[in-house]
Amino acid sequence: MTTETIAAHFWRPRRFMVIVGHPDDADFGPAGTAAAWIAAGSEGRLVCCTSGDAGGEDPEMDPLDLARAREEEQRRAAEIVGYSGVSFLHQPDGNLVNDLALREMLVREIRTFRPDAVFCGDPEVIVHRGGGINHTDHRAAAMAAVDAVYPAARNPLAFPWLARNGLAAHKVRRIYMMWSNQPDVWIDVSATADRKIEALRAHASQLHDSEAAFARIRGRLAEQGASIGTAAAEAYRLVILDQDPDESPEAQEAVAADSEARPGGA
Ligand SMILES: [Zn+2]
């Protein structure tokens, strides 16, 4: 760890979308940031590509029962974080593929909700820096999200039937990649770290030694917070596709104030 602290990241979108492979990924991922942004006036929507129907140890478990339970858990967690809605794309857990069908579904989600920013995984990560394999569904969801954001969502001639039927092209201006091996922005989540843990608690079917896991997560948040001199932070690799006219923190505060004055404004 460096002893020098760097500046916390201040930009905040009016609308953001979180695109993940499984129910619970968003809560292990950007839940602290999502809750902080929503509390400050942003609107967030969550998209789960699968319903986690392979996320169990019991071979006798009916995958459809598990999917139903996990969707309920994710809806409860999403309420805790404050998302305005959740979409389940019902793709098969463990078999997610970044194909044209998935990309079209994600383009529909993006063009309908019209987010300024999208959270997803980092598709370049196969092996995490701290060890461990990045699950195949995490990689596929991340790659599909990136491909849906750029170029498909912003190109009216990508899946042209969408634009012809009212889903106009939309420019997502930023991608925040979670679980990256090369994070370059740190967002203060000191005020929402507890909410992230509370959201994780909603995923009861996935929790085994939960207190140990929560302690590890809190430790990681604190370690990342040390980078920016706060009690807790989440780290991302940021990809800026379209710069704001003024990227200074002061200008971002003004944008945030403006978005609160016009809720839901495009
Ligand atoms: Zn997952």
Side-chain angles (χ1 to χ4, degrees), residues 16-35 44-58 61 63-78 80-81 83 86-99 102-103 105-106 109 118-148 175-181 183 196-210 212-214 216-218 220-221 234-237:
F16 66 93
M17 177 171 278
V18 180
I19 298 174
V20 293
H22 309 124
D24 80 12
D25 289 350
D27 299 305
F28 282 107
T33 304
R45 186 171 182 87
L46 171 58
V47 178
C48 295
C49 295
T50 81
S51 295
D53 48 279
E57 307 288 332
D58 176 4
M61 169 71 90
L64 292 181
D65 288 342
L66 183 55
R68 199 171 301 116
R70 294 198 64 188
E71 288 188 10
E72 273 171 31
E73 290 172 352
Q74 183 58 85
R75 285 208 168 87
R76 229 172 7 252
I80 292 165
V81 173
Y83 293 104
V86 186
S87 298
F88 293 99
L89 304 184
H90 297 132
Q91 297 304 290
D93 185 356
N95 296 289
L96 191 65
V97 178
N98 172 26
D99 58 12
L102 177 59
R103 218 178 295 164
M105 283 188 263
L106 292 176
E109 293 288 335
V118 162
F119 285 98
C120 62
D122 182 339
E124 288 189 66
V125 175
I126 298 176
V127 180
H128 291 294
R129 196 169 44 191
I133 303 292
N134 191 20
H135 191 293
T136 176
D137 291 343
H138 297 171
R139 278 182 269 146
M143 191 63 97
V146 169
D147 291 345
I175 302 177
Y176 287 81
M177 294 177 176
M178 60 185 186
W179 304 334
S180 178
N181 283 343
K196 177 188 179 92
I197 300 295
E198 207 187 316
L200 282 164
R201 270 187 212 286
H203 299 282
S205 73
Q206 304 302 301
L207 298 177
H208 306 296
D209 191 359
S210 54
F214 297 155
R216 270 198 309 277
I217 290 164
R218 283 188 189 280
R220 183 91 187 108
L221 293 175
E234 288 173 337
Y236 303 96
R237 177 182 179 187

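Just so you know, these numbers use all the heavy atoms, side chains as well, and skip hydrogens, waters and symmetry mates. As the structure lists them, so they are numbered: ligands from 1, and atoms in each ligand from 1.
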Note to self: Quick check for you: to the nearest 0.5 Å, what is the distance between M61 atom CE and D53 atom CG?
What the structure shows: 11.0 Å
Check: Does the side chain of S51 come under 3.5 Å of the side chain of E71 through a donor N or O and an acceptor N or O?
Finding: yes
Note to self: For the Zn ion (ligand 1), what is the number of protein N, O or S atoms at a distance under 2.8 Å?
What the structure shows: 3
Margin query: D27 and side chain to side chain donor-acceptor pair (under 3.5 Å): which single residue from Q206, H203, K196 fits?
Written below: H203
Next item on the list: For D122 and N181, run side chain to side chain donor-acceptor pair (under 3.5 Å): C-alpha distance rounded to whole Å, both residues' side-chain angles, the deciding distance at 0.1 Å, then the answer.
Entry: CA-CA 8 Å; D122 182 339; N181 283 343; over 6 Å; no
Notebook entry, point to check: Hey, which of F16, Y83, W179 is the one that makes ring-ring contact (aromatic ring centres under 6.0 Å, His included) with F119?
Noted result: F16
Notebook entry, point to check: Can you name the closest pair of heavy atoms from A145 and L106 and give their distance?
Noted result: N-CD1, 3.8 Å
